[in-house]
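Notes for the one structure printed next.
Residues: numbered from 1 along the sequence shown.
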Amino acid sequence: MRSMTTTTSEKISAPSTRQVSKRVSQSVFDGSRLRVVLLVDVNDGAQQQFLEAYEQLCNQVAQVPGHVSDQLCQSIENPSQWLITSEWESAPPFLTWVNSEEHVRMVEPLHSCVRDTRSLRFHIVRETGGGEAAASGARRRLQASPRIGDGVIRHALTFTVKPGSEAQVKRILADYASPRAKVDETTRLCRTSLFMHGNRVVRAIEVRGDLLAALRHVARQPEVRAVEEAINPYLEQERDLNDQESARVFFTRAALPAVHHVTADELTEGERRALYYPARPGDGMRLAELLAQQDEAAAEDPDSPVLRSTIFQRDDVVVRLVDVAPGPGGRAVLPEPGRQSALSALLDGEPVGMDLVTDRRSPDA
C-alpha cells in the first residue's frame, strides 16, 4: 500500500520524506515543506498603508518557529491586487501559528485596508533549481507522491455557548430548513453534520468545489441567517453579524481545520460519530497526529469497522469525525483510543462521544 516512487529531483532536493498510505487523501503530517499563498484585494488608495502594515507584520512572522521566508508581490496589471507567499518547514507550525490568538492580533492592522483575502496552502511536491538552500546543503523535504483525493473539501467550525443554554441551542440548531445545495456551476454543499458536547458546538461541512464560495453562500441563506441570529444571545463570544469585522473575528476563531482524512471504504454507508479529545495545553497538534496514525492503520485493517475518518484540530481542541460500519463493533471502537498510553499522556481527560444534533446530506452529493 505504500508508494516508493523516487525521482532524481527528490534525491537532490528532498532526501527525507515520510510515506503515507494511499488511502490518505488529506494530511498535514507528512513532514514536507509548506507553501502558503495569500491573495489580497487592497482598498483603493490604501496601498501605502497596506505596505507599512505588511512590513510590521513580516518582522513579527520572521520570529515564528517553522517560518522560512516570505515575499510580497504587487500586480503589474492592477495595483489593488497583491500576493503574499510564505514558506514553512512543514504544515503543523504554520497551522499552530495561524490558528492562534497571537495571529488574530498580529494581522488586525491589515484588515482595515483590504477588501478581501483568500488563503491557499500547498505541500511542495517537486521543485526546480536550488537557490540558497541547495548551495548551503540544507535538507529540504518534499511531499513524496501526489495524493488521490475524492474531490471533497472538509472543514468545521466550533464555538461554545453559555452554560445552561445547551437545550435551547440544540433545539434551534436542529430545527431549520436546509440551504440550497448548489452554490454555482462548480461548487455544491454535500453534507453538514452538527454535534454538541456540553456547551461546545461543532459543525462539520463537506463541499465539492470552492470552500470559501460555499461558506459565503451558506451565510447569505435566509434560513441559516435566522438560525445564526437566534443563537447569538447564547454565545460565550459575542458577535454582530451585521458588523463585518465582528463577524470576521468570530469565524476566524471558530475555524476548526481538517488536518487529516483517510478513507478505507468509499462505497459503504456508515454511522457518523464524533469524539471530542480534550488535549493538554500545547499538545493538540501532537494528539491529532497520533490519532491520524491510528486511523491510517485502521484503514489498512480489513477487520476494522472504521470506513472514513477526519480529524479536526485547533489549539487544544481535537475532534475526530468517524463513519463506522453499523453494529456493535462500530460503537465499541470509538472510545478505545483514550485507553492507549501514548494518547493518554496528551489528554486532559477521557475522550467523549458528542451528541448528534443533525446530519444532512444533499440528495445528489
(request) Could you check Val322 against Val306 for side-chain contact (heavy atoms from CB on, under 4.5 Å), going step by step and ending with a plain yes or no? (result) CA-CA 7 Å; Val322 189; Val306 175; 4.0 Å; yes
(request) Report the residues that fulfil salt bridge (Lys or Arg N to Asp or Glu O under 4.0 Å) with Lys182, sequence neighbours left out, ordered by chain and then residue number. (result) Glu185
(message) Tell me whether Asn99 contacts the main-chain N or O of Leu95 through its side chain, where contact means a donor paired with an acceptor under 3.5 Å.
(response) yes
(message) According to side-chain hydrogen bond (donor to acceptor under 3.5 Å, both in side chains), who are the partners of Glu229, at least two apart in sequence or on a separate chain?
(response) Asn232
(request) Return yes if a side-chain donor-acceptor contact under 3.5 Å exists between Asp359 and Ser193, otherwise no. (result) yes
Please set out all donor-acceptor pairs under 3.5 angstrom arising from side-chain atoms of residues 52-64, sequence neighbours excluded.
from	atom 1	to	atom 2	distance (Å)
Glu52	OE2	Gln48	NE2	3.2
Tyr54	OH	Asp70	OD1	2.5
Asn59	ND2	Glu55	O	3.1

(message) Under a 4.0 Å threshold between the charged nitrogen and the carboxylate oxygen, would Arg272 count as salt-bridged to Glu206?
(response) yes
(request) Inspect the contact between Glu127 and Arg33 and indicate whether a charged nitrogen and a carboxylate oxygen are less than 4.0 angstrom apart. (result) yes
(message) Any carboxylate oxygen within less than 4.0 angstrom of a Lys/Arg side-chain nitrogen, looking at Asp44 and Arg115?
(response) yes
(request) Could you tell me how the ring of Phe250 sits relative to the ring of Phe159: parallel (under 30°), tilted (30 to 60°) or perpendicular (over 60°)? (result) tilted
(message) Suppose we screen for side-chain hydrogen bond (donor to acceptor under 3.5 Å, both in side chains). Which residues come up paired with Thr158, at least two apart in sequence or across chains?
(response) Arg200
(request) Please collect all salt bridge (Lys or Arg N to Asp or Glu O under 4.0 Å) contacts where either partner lies in residues 236-264, sequence neighbours excluded, each pair once. (result) Glu101-Arg253, Glu228-Arg239, Glu245-Arg248
(message) For the CG atom of Leu291 and the CD atom of Gln313, what is their distance to the nearest 0.5 Å?
(response) 10.5 Å
(message) What I want to check is whether the side chains of Gln26 and Thr310 have a donor and an acceptor closer together than 3.5 Å.
(response) no
(message) Can you tell me how far apart CG (Leu110) and CD1 (Ile84) are? Round to the nearest 0.5 Å.
(response) 6.5 Å
(message) According to salt bridge (Lys or Arg N to Asp or Glu O under 4.0 Å), does anything in residues 154-168 pair up with another residue at least two apart or in another chain? List the pairs.
(response) Asp150-Arg154
